[in-house]
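So the structure is just underneath, and the comments pick up after that.
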Amino acid sequence: MRIVLLGPPGVGKGTQADRLENELGLPHIASGDLFRENLGKDTPLGRQAREYMDKGELVPDDVTIAMVQARLDAPDCAQGVILDGFPRTVAQAEGLKKVFSEFGWELDVVFNITAPEEELVSRLSGRRICRNCQTPYHVRFNPPEEEGVCDVCGGKLYQREDDKPETVRKRLQVYQKQTAPLIDYYRKAGLLQVIDGDQGIAVVTRSLLEAIGGLA
Ligand code: AMP
């Protein structure tokens with residue numbers, strides 16, 4: 001099973017991808033996490049990505065496609081993947097198509113997760129991430145058991161620099177301009193399913209799993 005999760009920042013793609021990873025036993029591959037890993041290790045790729053990420057802009061397509069392709073080439077992806085935050089432009093979707101055809105893979109489904117903009121802003125401003133394992137939390141909607149500490153690995157939680165208000169607005173604009181066109185792209189390809197993300201975390205997961213069950 002090869003799945004793409006599409007949707008604006010803050011809609012819960014990462015949270016849902018983690019839950020699907022547990023349910024389906026498929027790796028969750030988030031382009032944003034791959035960039036943050038490179039940033040943390042101060043690699044040349046991380047240094048290149050930083051200037052875009054800090055401004056809430058997209059990293060250039062060629063760099064992003066090459067990074068994701070390298071990750072998809074790892075043995076754990078052979079049985080399937082859950083892609084989160086990639087593709088984000090039509091050029092990336094075309095790049096992904098090329099990679100899949102090189103690997104002899106088919107994309108099974110693209111879930112477009114939706115929520116109203118006020119909800120996205122409120123979710124992003126309260127979001128906290130584990131510095132160690134990247135598990136996402138929300139100070140009100142999904143708090144950890146102990147404040148500031150990851151339930152999964154005990155790591156320290158932090159607020160992403162790009163979750164601060166000015167950058168959030170910029171990211172939502174970038175989404176509308178560069179990523180929303182992918183909705184039509186995948187609808188035309190007959191791969192799109194819309195999921196209402198303006199519900200509780202467990203309800204959204206159930207909708208996703210039901211839709212995946214219906215694909216078989
Ligand atoms: P995310 O964690 O998905 O919200 O991504 C954080 C930031 O990483 C984005 O604002 C972009 O700067 C960069 N990024 C993540 N995924 C992509 C992508 N597919 N294409 C370009 N830039 C990306």
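Values in this document were obtained by computation on a predicted structure and should not be read as measured data. Counting starts at 1 for both ligands and their atoms, following the listed order. Reckoned from all heavy atoms, side chains included, excluding hydrogens, waters and symmetry mates. The first residue of the sequence shown is numbered 1, and numbering continues consecutively from there.
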Residues Asp163, Arg123: salt bridge by 4.0 Å N-O rule =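 A salt bridge is absent here (no side-chain N lies under 4.0 Å from a carboxylate O).
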query = Near ligand 1, which protein residues have a heavy atom under 4.0 Å away?
reply =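 Close residues (ligand 1, cut-off 4.0 Å): Ser31, Gly32, Phe35, Arg36, Met53, Glu57, Leu58, Val59, Thr64, Gly85, Phe86, Arg88, Gln92, Arg160, Asp162, Arg171.
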message = Can you confirm whether more than 12 heavy atoms, excluding those of Lys164, are under 6.0 Å from its NZ atom?
response =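 Atom NZ in Lys164 is crowded, with more than 12 foreign heavy atoms closer than 6.0 Å.
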Listed partners of Leu192 passing side chain to side chain contact (heavy atoms under 4.5 Å, CB included), at least two apart =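 Expected list: Leu6, Val110, Asn112, Ile183, Tyr186, Arg187, Val194.
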query = Can you name the residues that form a side chain to side chain contact (heavy atoms under 4.5 Å, CB included) with Gln178, not counting sequence neighbours?
reply =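 In terms of side chain to side chain contact (heavy atoms under 4.5 Å, CB included), with neighbours along the sequence ignored, Gln178 is linked to Leu58, Thr89, Val174.
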Other cluster members, Phe141 - Ile/Leu/Val/Met/Phe/Trp/Tyr, side-chain contacts below 4.5 Å =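 Reading the cluster by chain and number, Phe141 sits alone, since nothing else belongs.
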request  = Report the distance from atom NZ of Lys55 to atom OH of Tyr52, rounding to the nearest 0.5 Å.
outcome  =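 These two atoms lie 7.5 Å from each other.
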